[in-house]
**Q** 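The structure is given below, and queries will be raised subsequently.
None of the values given here were measured: they were computed from a predicted structure.
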Number of protein chains: 2
Amino acid sequence: MAIDDDRMEIDRNAGFVGDYLLYLLAAASDAASADFHAHVREQGLRVPEWRILACLCDEDGQMVTQLAQLALMEQSHLTKIVDQMATKGLVKRRSDERDRRRVRVYLTAAGRAIGTGLVEKARVHEMLIVSRLGTTDAARLKAVLKDIHAICRGGDDAASQAPSAPAELEASVS
Amino acid sequence: MAIDDDRMEIDRNAGFVGDYLLYLLAAASDAASADFHAHVREQGLRVPEWRILACLCDEDGQMVTQLAQLALMEQSHLTKIVDQMATKGLVKRRSDERDRRRVRVYLTAAGRAIGTGLVEKARVHEMLIVSRLGTTDAARLKAVLKDIHAICRGGDDAASQAPSAPAELEASVS
DNA sequence: GGGAAAAATATGCGAATTCATATTAATCGC
DNA sequence: GCGATTAATATGAATTCGCATATTTTTCCC
């Protein structure tokens, strides 16, 4: 009956996909990141490089494997990106003193400069989204996203790490 | 001071990244999907193929470009995956009668069978996460994720589609 | 303390993904 | 109706990405 046959947008509220949590997460992540990722690329960086810089700005000298986990990519892939970033002069490797299997990745001065600059822009960009979303909704969202991460990523630290949302407001909205 | 130097997990609550919305979205999406995506691959499908099947189960005979948008991938990539799926006998192409530039993708019987089967499993898997999250939190989460999608993905249908959050505070940031 | 098992990273290769562009069809202006 | 512009999809080359595995160092156990 409804003529969705032509160039109309798909009705995202009908059907399975439009209300499927995993899809909504992926779609929201994509949509929310698109703008900033475009900005990152305009700066001559690729998204994985930005992620690595951001993670290193938080804590410099991380191990390759940890860094890969944190930056949401595979270890072997991270190794290769770190190669390129080292070539570009954004980071440098140094093997750990105590355990020489480990390789730690450090920011160079240039890498830190670019990284902190982008982090600042990311903060601004995030604030834009948060304000459009409503600060309370945004805060709740972040808490739930952390819960999902804790729940789904091995139940290891789920109980201890996520005291934020679960207890918070069990009866506010509808 | 804190000895996170060794094999301790990175403290996700310290630093920028651990509370950055875009990161939390990506990390939650990855973590939540990991299980089910592994299941999909065990069934001999890749994730993009599963996404296409799911989208076609919702609405069969979609255009290539629309389908790519919905399935969160590039058009040229979708074209290639549809090629492979057609070879596997999961879908078939047919060019649109009225506009022969358009190519519509239809499920075969086999494709529909596999698709509906996976959708059922996805429903079960989703329910597992939702129950661990709390149904009210999950419902709120879905609403906010839809808002984000509407807000960030061009303001096209943001006003009409998202009556839940956006009206809240229109005058906070610049 | 010495050899087996495990941990951390790197490497090679094949598949996936993207980018630019070609190709085909429809629409618009005149 | 005809050429120019736009839309929809396909194609090819270049890159990225992921899996399996090699390599190096450490730990474990006897």
**Q** Show every ring-ring contact (aromatic ring centres under 6.0 Å, His included) that has at least one partner inside residues 82-105 of chain B, sequence neighbours left out.
**A** none
**Q** Report each atom pair, protein N/O against N/O of nucleotides 18-21 of chain C, whose distance is under 3.5 angstrom.
**A**
| unit_1 | atom_1 | unit_2 | atom_2 | d |
| --- | --- | --- | --- | --- |
| dT18(C) | O4 | Lys80(B) | NZ | 2.6 |
| dC19(C) | OP2 | Glu74(B) | OE2 | 2.8 |
| dC19(C) | N4 | Ser76(B) | OG | 2.9 |

**Q** In whole Å, I'd like the distance from the CZ atom of Arg100(A) to the P atom of dA7(C).
**A** 20 Å
**Q** Can you name the salt bridge (Lys or Arg N to Asp or Glu O under 4.0 Å) partners of Arg46(A), sequence neighbours left out?
**A** Glu49(A)
**Q** Can you give me the bend angle of the helix from dG1(C)-dC30(D) to dC30(C)-dG1(D)? Use the axis through the first five pairs and the one through the last five, nearest 10 degrees.
**A** 30°
**Q** Identify each donor-acceptor pair in which a side-chain atom of residues 108-118 of chain A lies under 3.5 Å from a protein atom, sequence neighbours left out, and give them as a table.
**A**
| unit_1 | atom_1 | unit_2 | atom_2 | d |
| --- | --- | --- | --- | --- |
| Thr108(A) | OG1 | Gly89(A) | O | 2.6 |
| Thr108(A) | OG1 | Leu90(A) | O | 3.1 |
| Thr108(A) | OG1 | Ala110(A) | N | 3.4 |
| Thr108(A) | OG1 | Gly111(A) | N | 3.0 |
| Arg112(A) | NH2 | Asp60(A) | OD2 | 3.2 |
| Thr116(A) | OG1 | Arg112(A) | O | 2.9 |
| Thr116(A) | OG1 | Ala113(A) | O | 3.1 |

**Q** Specify the separation, in whole Å, of atom CD of Glu49(A) and atom C1' of dT15(D).
**A** 13 Å
**Q** Nearest whole angstrom, please: distance from the P of dT15(D) to the CD of Gln84(A).
**A**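 Roughly 10 Å, once rounded to whole Å.
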**Q** For dT9(C), does OP1 or OP2 lie under 4.0 Å from any side-chain N or O of Thr65(A)?
**A** yes
**Q** I need the CG-P distance between Leu67(A) and dA10(C), as an integer number of Å.
**A** 11 Å
**Q** Atom pairs under 3.5 Å, N or O on each side, protein against nucleotides 22-24 of chain C: can you list them with distances?
**A**
none

**Q** To the closest 0.5 Å, what do you measure between CZ (Arg102(B)) and OG (Ser95(B))?
**A**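 Answer rounded to 0.5 Å: 12.0 Å.
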**Q** Picking from dT17(C), dA26(C), dT26(D), which would you name as closest to the side chain of Ile81(B)?
**A**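 So the side chain of Ile81(B) is nearest to dT17(C).
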**Q** First locate atom CD1 of Ile52(B), then atom CG of Leu56(B), and finally report the distance between them rounded to the nearest 0.5 Å.
**A**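 Answer for the CD1-CG pair, Ile52(B) versus Leu56(B), is 7.0 Å.
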**Q** Under the rule for ring-ring contact (aromatic ring centres under 6.0 Å, His included), what residues qualify as partners of Phe36(A), not counting sequence neighbours?
**A**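 With neighbours one apart ignored, the set is His39(A), Trp50(A), His125(A).
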**Q** Under 4.0 Å between a side-chain N or O of Arg46(A) and OP1 or OP2 of dT16(D)?
**A**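 Yes, within the criterion.
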**Q** In chain order, what residues pass the side chain to side chain contact (heavy atoms under 4.5 Å, CB included) check against Val64(A), with sequence neighbours excluded?
**A** Gln75(A), Leu78(A), Thr79(A), Val103(A), Val105(A)
**Q** At less than 4.0 Å, is any side-chain N or O atom of Thr79(A) found next to OP1 or OP2 of dT9(C)? Yes or no.
**A** no
**Q** For residues 54-110 of chain A, which residue pairs qualify under ring-ring contact (aromatic ring centres under 6.0 Å, His included), counting only residues two or more places apart or in two chains?
**A** none
**Q** For the pair made of CZ in Arg102(B) and P in dT27(C), what is the distance, rounded to whole Å?
**A** 8 Å
**Q** Taking CG from Leu78(A) and C1' from dT11(C), how many angstroms apart are they, rounded to a whole number?
**A** 15 Å
**Q** Once you round it to whole Å, what is the distance between P of dA8(C) and CD of Gln62(A)?
**A** 14 Å
**Q** Taking only residues two or more places apart in sequence, or in another chain, which ones meet Glu120(A) in a salt bridge (Lys or Arg N to Asp or Glu O under 4.0 Å)?
**A**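 So Glu120(A) forms a salt bridge (Lys or Arg N to Asp or Glu O under 4.0 Å) with Arg123(A).
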**Q** To the nearest Å, give me how far apart CE (Met85(B)) and P (dA16(C)) are.
**A**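 Atom-to-atom, Met85(B) to dA16(C), this comes out as 13 Å.
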**Q** Counting distance only, does the side-chain N/O of Tyr23(B) pair as donor-acceptor with the main-chain N or O of Arg51(A) below 3.5 Å?
**A** no
**Q** Any carboxylate oxygen within less than 4.0 angstrom of a Lys/Arg side-chain nitrogen, looking at Asp99(B) and Arg101(B)?
**A**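 The answer is yes: the pair qualifies as a salt bridge.
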**Q** Could you name each residue pair satisfying side-chain hydrogen bond (donor to acceptor under 3.5 Å, both in side chains) that touches residues 24-37 of chain A, not counting sequence neighbours?
**A**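 Listed by first then second residue: nothing to list.
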